[in-house]
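This one's a predicted model, so the numbers in the text were calculated from it and none came from an experiment. Basis for what follows: all heavy atoms, side chains included, without hydrogens, waters or symmetry-related copies.
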Amino acid sequence: MPLSSYRMHRIYMAATMNYGLGSDDPEESDYYKKIRKEIYDMKKEPIRKGIILNWNTSKGMDK
């Protein structure tokens, strides 16, 4: 039986707030592990802040 949207939301909230799942259902634990892995992968990526300026693209706009 697939997870209901309510249960998926509860698992997502538990995973994002770093709470334990508290369930032995393998389908729920797989979803929980998937969310935790995505969060871990996002933390490993560098954050790019600011505006990237490329001065070579504005040729012809001076005219």
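Atom NZ of K33 and atom CG of L21 lie 9.5 Å apart (nearest 0.5 Å).
Annotation: side chain to side chain donor-acceptor pair (under 3.5 Å) contacts of K37 (sequence neighbours excluded): D41. Partners of N18 by side chain to side chain donor-acceptor pair (under 3.5 Å), not counting sequence neighbours, listed by chain and number: R36.
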Mind listing the side-chain donor-acceptor pairs of residues 3-12 below 3.5 Å, one per line with the distance, residues two or more places apart or on another chain?
unit_1: S4; atom_1: OG; unit_2: R7; atom_2: N; d: 3.2
unit_1: R7; atom_1: NE; unit_2: E28; atom_2: OE2; d: 3.0
unit_1: R7; atom_1: NH2; unit_2: E28; atom_2: OE1; d: 3.3

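Closest approach of I35 and A15 over heavy atoms only: CG2-CB, 3.5 Å. Nearest approach of A14 to G20, heavy atoms of both residues: CB-O, 4.1 Å. Here the closest non-hydrogen pair linking Y32 and Y19 is OH-O, 2.5 Å.
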* To do: Show your reasoning for whether side chain to side chain contact (heavy atoms under 4.5 Å, CB included) applies to D24 and S29.
  => CA-CA 7 Å; D24 292 333; S29 63; over 6 Å; no
